[in-house]
Amino acid sequence: MTVTETPATPAPQSHRLTTAKAMADGIAEEMRRDPAVIYLGEDVGAYGGIFGSTTGLLDEFGPTRVLDTPISESAFIGLGIGAAVEGMRPIVELMFADFMGVCLDQIYNHMAKIHFESGGNVKVPMVLTTAVGGGYSDAAQHSQCLWGTFAHLPGMKVVVPSNPYDAKGLMISAIRDDNPVVYMFHKGVMGLAWMAKNPRASADVPDGAYTVEIGKAATARKGTDVTVVTLSLSVHHALDVAERLAPQGIDVEVIDLRSLVPLDREAILGSVARTGHLVVVDEDYLSFGLSGEVVATVTEHDPGMLRAAAVRVANPDTPVPYSRPLEQVVLPGPARIEAAIRKVLGG
Amino acid sequence: MTVTETPATPAPQSHRLTTAKAMADGIAEEMRRDPAVIYLGEDVGAYGGIFGSTTGLLDEFGPTRVLDTPISESAFIGLGIGAAVEGMRPIVELMFADFMGVCLDQIYNHMAKIHFESGGNVKVPMVLTTAVGGGYSDAAQHSQCLWGTFAHLPGMKVVVPSNPYDAKGLMISAIRDDNPVVYMFHKGVMGLAWMAKNPRASADVPDGAYTVEIGKAATARKGTDVTVVTLSLSVHHALDVAERLAPQGIDVEVIDLRSLVPLDREAILGSVARTGHLVVVDEDYLSFGLSGEVVATVTEHDPGMLRAAAVRVANPDTPVPYSRPLEQVVLPGPARIEAAIRKVLGG
Amino acid sequence: MTTTSPPAPAGSAKADQAARRDLYRTMTLIRAFEEAIKRDYWADKGPGFDIGKGLVPGEMHLAAGQEPVAAGVCAHLTADDAVTATHRPHHFAIAHGMDLKALAAEIFGRETGLGHGRGGHMHLFDPATHFSCSGIIAEGYPPALGQAFAFQRQGTDRIAVAVTGEGAANQGAFHESLNLAALWHLPVVFVVEDNDWGISVPRSASTSVASNAARAAAHGMPGVRVEDNAVETVHAAAAEAVARARAGQGPSLIEVHTLRLWGHFEGDAEGYRPELDQVPGRDPLPTYRATLVADGVLTDADADAITAEASAQVEEAIAFAKDSPLPDPAHASAYVFA
Amino acid sequence: MTTTSPPAPAGSAKADQAARRDLYRTMTLIRAFEEAIKRDYWADKGPGFDIGKGLVPGEMHLAAGQEPVAAGVCAHLTADDAVTATHRPHHFAIAHGMDLKALAAEIFGRETGLGHGRGGHMHLFDPATHFSCSGIIAEGYPPALGQAFAFQRQGTDRIAVAVTGEGAANQGAFHESLNLAALWHLPVVFVVEDNDWGISVPRSASTSVASNAARAAAHGMPGVRVEDNAVETVHAAAAEAVARARAGQGPSLIEVHTLRLWGHFEGDAEGYRPELDQVPGRDPLPTYRATLVADGVLTDADADAITAEASAQVEEAIAFAKDSPLPDPAHASAYVFA
Ligand SMILES: Cc1ncc(C[n+]2csc(CCOP(=O)(O)OP(=O)(O)O)c2C)c(N)n1
Ligand SMILES: Cc1ncc(C[n+]2csc(CCOP(=O)(O)OP(=O)(O)O)c2C)c(N)n1
Ligand SMILES: [Mg+2]
Ligand SMILES: [Mg+2]
């Protein structure tokens with residue numbers, strides 16, 4: 001039910017880790033291997049990252065490689081860019097993706113474009129990590145996904161792990177990639193002690209370094225009746241719904257995109273070709289984003305593949321409300337996913 | 001062949017204006033009517049706006065209502081927000097949309113969300129004007145459209161006039177709107193003396209105030225064979241292509257969206273229902289943006305409406321290159337539009 | 001840039017006594033509110049601690065210890081003046097006179113809240129007191145300029161007060177705002193609450209200068225640093241800054257060295273900072289009470305009465321919040337547009 | 001903050017003479033380049049003026065008049081040091097030793113250009129000289145910090161020079177960068193070219209302080225303002241700043257009051273500013289030539305020879321550019337990813 005690379009039985013050398021710990025583990029592996037790798041951002045040192053992304057790293061690597069920064073996102077993301085240009089492999093944390101507005105210029109006009117503008121002569125091998133997502137009443141400025149925004153702007157890869165195995169493998173791939181990679185982790189998949197956890201937020205993760213290829217979607221669950229294309233925390237919701245519907249004779253295939261850029265269009269088309277039914281589940285805003293792109297991918301290939309109108313389940317273009325009952329209907333939760341599946345199947 | 005609101009014959013009270021002049025005319029009308037309207041931004045005073053958006057305004061209204069600012073976009077856009085909250089009607093110019101990265105937080109986390117977060121108690125009636133688009137070799141940081149990015153983020157209307165009549169009428173509507181409105185003008189439709197001009201960049205424009213409703217697309221050309229959904233400068237290219245194809249028996253309908261938010265989905269569906277063929281032309285980046293949204297709009301309504309796979313003509317997710325032959329193939333110019341029309345018609 | 005020392009209160013002795021009692025009353029009310037929110041925040045987060053659970057979910061940034069800043073500054077304001085605050089906004093909201101019920105109801109996510117439950121504790125917008133705040137560091141400053149601009153244009157002597165923490169003074173928007181306000185002579189008072197920490201990052205690891213008052217000079221405006229977290233020192237510094245702004249003499253900046261008594265947010269284990277027991281007289285509230293009792297401004301009975309009254313007001317507001325209906329999910333997307 | 005006055009050149013008289021000749025040679029080369037680009041830019045924009053036409057289309061920001069800043073600063077650098085410049089980058093690119101042919105070819109949009117024609121004149125990236133620039137105001141500063149950081153980590157004494165205009169000193173990224181560089185003691189020299197104008201906006205309408213050197217103080221670093229647009233004054237100020245950075249003593253800032261002789265960009269009608277005829281000794285190039293001739297460092301014949309040589313170098317580069325192929329449109333999307 002999880003990703004194809006995950007061994008069916010735990011490998012002998014493995015530990016049960018949360019997604020957060022798996023992410024930090026991947027970073028530590030690479031920091032051991034390559035002295036050019038550093039991690040910088042707000043509260044990534046003694047605090048260990050507000051969402052646990054750097055737990056233990058300061059202890060092992062010290063303050064010259066794990067650096068707390070001032071609240072100056074443009075300056076320190078730019079610092080990462082310059083360091084990457086000069087041969088380092090910086091990982092830079094933007095605490096919440098919601099804060100992109102104070103530093104997007106460094107991200108999209110510099111980090112993402114320098115390689116192109118230089119005609120390939122200058123590489124910017126850096127990783128920009130950032131927390132996304134809602135569900136715990138953090139309101140309109142701390143709950144956004146925004147991956148559609150990052151993915152729309154060319155020149156950066158965008159990865160979005162949903163589970164511990166991918167979190168580690170995609171992190172190692174991201175660090176080794178010669179391109180800028182935006183690594184977006186949903187708070188709800190991190191397995192934090194202080195937040196509601198999906199059981200899949202902890203899993204056996206192989207020790208040592210391994211990679212998950214960036215740009216390949218995973219079939220999180222095979223199924224024959226309907227394709228649910230999704231990512232990040234919504235993968236868990238989709239799997240929960242799929243399990244609930246299976247006994248009712250509805251066999252749901254769940255595609256975990258794992259990255260928006262590159263987008264694995266073949267995986268989408270391949271699955272829809274088999275099922276003929278498409279539901280897209282996306283916690284980001286509905287319009288002008290990922291969900292439309294997935295639907296358009298099918299339609300510009302062959303609208304005849306779809307035996308029914310595609311259905312999108314996303315944030316209805318609404319700032320994330322604070323109050324719980326409001327937030328819960330704005331998020332693409334299990335109830336809305338189930339309704340969409342029934343609708344696309346003509347129920 | 002132009003918008004429905006345009007009188008077929010020039011009204012007795014009208015003047016031939018460029019789009020830039022029509023825009024400034026609309027601003028001047030409202031500034032005369034309402035002392036709360038002010039205009040601020042970089043080089044909007046003595047210079048008259050780098051792309052002519054404020055020509056003549058300083059002379060008529062003086063430096064207390066037409067204000068040159070420092071190069072501090074976060075500060076002066078925020079200033080516009082606060083002034084709007086206290087009852088003014090500021091128009092604030094971001095010189096190029098490409099510069100959004102230095103001030104997006106004020107735009108999307110403040111301007112666009114305050115009304116929602118306040119539960120409707122605080123209004124932010126401001127207009128954010130900004131120049132978009134390429135075609136004159138201004139390279140990767142000065143040629144972007146980025147409307148997909150603005151439209152993806154909820155809480156702001158996004159209008160994109162393609163001609164003088166709409167430029168004036170949409171400006172007046174934007175100023176009178178109680179919501180924040182992002183008003184994106186393509187340099188190539190402004191009719192500037194120092195840039196290649198499409199003949200449609202000048203037209204007869206009624207004197208005095210009138211409005212063009214925000215959220216209603218225009219049928220720029222009626223046709224029966226294929227629907228081209230587009231906006232801004234690409235409307236002109238699409239019309240040029242349509243005229244060239246008409247003698248060959250290909251009758252193209254051109255829909256000028258005029259706004260992304262609200263998106264006139266009915267107009268799209270209505271036209272595609274008649275033609276059965278859809279081409280989307282969008283100068284913004286291809287993926288995760290407007291073109292996907294338009295295609296998805298049809299597919300989630302009824303994929304059976306499409307007699308062939310939809311075709312998108314957009315920037316192929318590439319930073320806009322400087323060198324002319326490169327830029328010309330990255331832009332969705334007439335040749336690519338024509339090829340797309342032929343393709344969707346099975347040619 | 002200067003560092004102020006406690007002033008001799010101005011005016012008649014009687015008026016002074018009333019003013020000092022008011023400062024104490026404001027501080028007490030803030031503290032009562034923050035304590036009640038803390039209590040109710042933790043009441044139902046268990047077992048363990050789940051940030052998303054309970055009547056008050058989400059991040060919660062409380063301002064206990066920083067009351068002197070809000071009370072000292074806002075004593076000079078009326079409801080016609082604007083205040084823009086931060087992710088830690090309650091003390092300023094209360095000192096500026098926000099209706100406690102609407103504030104509490106918003107924090108409890110109720111339909112009767114300031115923003116009908118849409119905003120939450122970091123997004124409080126009150127047209128009645130021209131109060132707003134933002135969860136994005138330093139980005140509350142720019143809108144304050146616009147409020148000040150509008151007040152100036154309207155020919156009034158109303159002013160705007162813009163608040164941030166010392167961590168925020170390293171964010172670009174902070175500097176852009178100071179420059180533009182100085183350039184256009186806007187009636188703004190910039191307030192920096194230096195509580196020594198930006199979450200876990202100490203001031204020494206974020207800020208290259210000893211005082212943010214020095215940064216006022218970089219934008220051509222007066223700056224002052226108050227070292228002692230004493231409400232009367234803040235009050236005196238603010239008197240000058242507010243008078244300046246009202247008189248059309250432009251903006252100025254006040255940095256106050258204050259203290260956050262609790263964690264950055266509720267649930268912060270604070271592994272990064274030493275015990276506050278080391279900080280002498282660390283809690284400004286009993287300190288000020290002792291001063292006022294010693295000065296004969298209050299008896300202990302008076303002080304207890306103020307505390308009791310504050311507590312009653314707060315509990316009434318919280319009861320109102322709890323009794324209020326939650327918003328109707330059918331209207332979740334209301335208010336996106338006007 | 002201090003204001004420097006022209007220094008007595010240090011070292012042996014002979015070495016000084018060579019150094020002074022080199023400064024003149026650099027300035028002459030820059031001017032020759034800018035004049036040639038201006039000529040070719042205008043050569044085929046007609047009839048009228050169409051910005052998109054001709055062999056060199058698009059915006060063109062030239063630096064004639066600002067040669068002293070680039071020449072004076074870059075004289076202290078080697079190709080191992082980094083420079084990040086602005087939308088007006090040619091003078092720094094040339095002074096820092098960029099290959100003229102690759103530079104010219106990029107401006108002409110050729111496959112042989114620095115960026116294979118992808119970048120254009122505002123986006124010059126040269127790994128050989130660690131040069132880069134950006135068209136976004138002040139946003140060239142932050143990457144310079146990272147280059148300096150890497151140099152520091154590598155245990156070298158290499159430094160980074162970050163350049164902006166005076167208009168840019170009001171942009172948030174400027175301040176964030178100064179603070180972070182000071183805090184981490186990064187080997188950076190910040191250079192502000194104050195040419196009195198940000199497009200049509202005079203310094204007085206953009207900047208609340210008389211000198212941006214005052215802003216260095218707000219971030220705990222030395223700042224100096226050079227008033228006279230004389231290359232040797234700049235050279236002396238830069239000597240100190242560069243030595244400081246190389247010695248691990250951290251960043252500093254130099255503001256130079258310079259002069260843009262031409263429009264903001266080509267095609268700028270400059271209705272907003274008075275005739276430059278009013279500015280005495282406004283062109284630093286003949287002024288410096290006269291000084292060197294008067295001091296016996298150059299004869300008129302020497303100076304003419306330097307001009308001729310510069311011109312030849314420039315024309316060779318431009319001929320190379322014109323002879324080079326345009327990029328193949330089939331590869332327009334190459335280089336988006338590595
Ligand atoms: C632009 C931005 N960056 C980071 C954050 C995350 N953040 C929230 S509060 C905080 C610390 C703020 O420190 P300070 O300004 O001193 O205020 P304090 O919390 O001490 O009151 C940080 C980093 C944010 N909200 N916005
Ligand atoms: C963030 C941003 N805002 C605005 C601009 C448009 N712009 C380009 S150059 C310029 C003026 C810059 O003035 P200054 O920094 O003094 O440099 P100068 O042109 O005088 O060399 C402006 C406003 C930009 N490129 N980037
Ligand atoms: Mg603090
Ligand atoms: Mg300048």
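A, B, ... follow the sequence lines: proteins, then strands. Residue 1 opens every chain.
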| task | Start with the C-alpha distance between B:V122 and C:D126, add both sets of side-chain angles, then the distance that settles side-chain contact (heavy atoms from CB on, under 4.5 Å), and finish with yes or no. | result | CA-CA 8 Å; B:V122 177; C:D126 183 16; over 6 Å; no
| Run the side-chain contact (heavy atoms from CB on, under 4.5 Å) check on C:I136 and B:H110 step by step: do they pass? | CA-CA 9 Å; C:I136 310 295; B:H110 293 84; 4.1 Å; yes
| Working for side-chain contact (heavy atoms from CB on, under 4.5 Å), residues B:K157 and C:F337 | CA-CA 9 Å; B:K157 297 187 177 177; C:F337 289 107; 3.8 Å; yes
| request: Start with the C-alpha gap between C:E139 and B:N109, add the side-chain angles, then the distance that decides, and say whether side-chain contact (heavy atoms from CB on, under 4.5 Å) holds. | output: CA-CA 9 Å; C:E139 297 283 343; B:N109 267 335; over 6 Å; no
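Residue with the most contacts toward chain C among B:L67, B:V102, B:I71: B:L67 (heavy-atom pairs, distance under 4.5 Å). Note: B:I114 leads B:V124, B:V85, B:D177, B:I114 in heavy-atom pairs under 4.5 Å with chain C. The most heavy-atom pairs under 4.5 Å with chain B, out of C:H116, C:E111, C:H175, come from C:H116. Among the candidates B:S74, B:C103, B:A84, the residue making the largest number of heavy-atom pairs closer than 4.5 Å to chain C is B:S74. Note: B:D105 leads B:I81, B:D105, B:N121 in heavy-atom pairs under 4.5 Å with chain C. Among B:Q106, B:M88, B:E73, the residue with the largest count of heavy-atom pairs under 4.5 Å with chain C is B:Q106.
Taking every heavy atom of both residues into account, C:S177 and B:A75 meet most closely at N-CB, 4.0 Å. The two residues C:A338 and B:K123 come nearest to each other via the heavy atoms CB-CE, 4.1 Å.
Only the side chain of B:V261 has a heavy atom closer than 4.5 Å to any heavy atom of chain C. No part of B:I77 comes within reach of chain C, as not one of its non-hydrogen atoms sits under 4.5 angstrom from that chain. Interface residue C:L186: only side-chain heavy atoms are found under 4.5 Å from chain B. No part of C:F174 comes within reach of chain B, as not one of its non-hydrogen atoms sits under 4.5 angstrom from that chain. Contacts between C:A332 and chain B at a heavy-atom distance below 4.5 Å involve the backbone alone (N, CA, C, O). Residue contact with chain B, scored on non-hydrogen atoms closer than 4.5 Å, is absent for C:A148. B:M156 touches chain C through its backbone: at least one of N, CA, C or O sits under 4.5 Å from a heavy atom, while the side chain does not.
The distance from atom NE2 of C:H123 to atom OG of B:S118, rounded to the nearest 0.5 Å, is 12.0 Å. Atom CG of residue C:L183 and atom OG1 of residue B:T69 lie 9.5 Å apart, to the nearest 0.5 angstrom. Here the CZ-CZ distance, from C:F149 to B:F76, works out to 13.0 Å after rounding to the nearest 0.5 Å.
With C:R153 contributing its side chain and B:T64 its backbone, the two residues share a donor-acceptor pair below 3.5 Å. The backbone N or O of C:R118 lies less than 3.5 Å from no partner atom in the side chain of B:E117, so there is not a single donor-acceptor pair.
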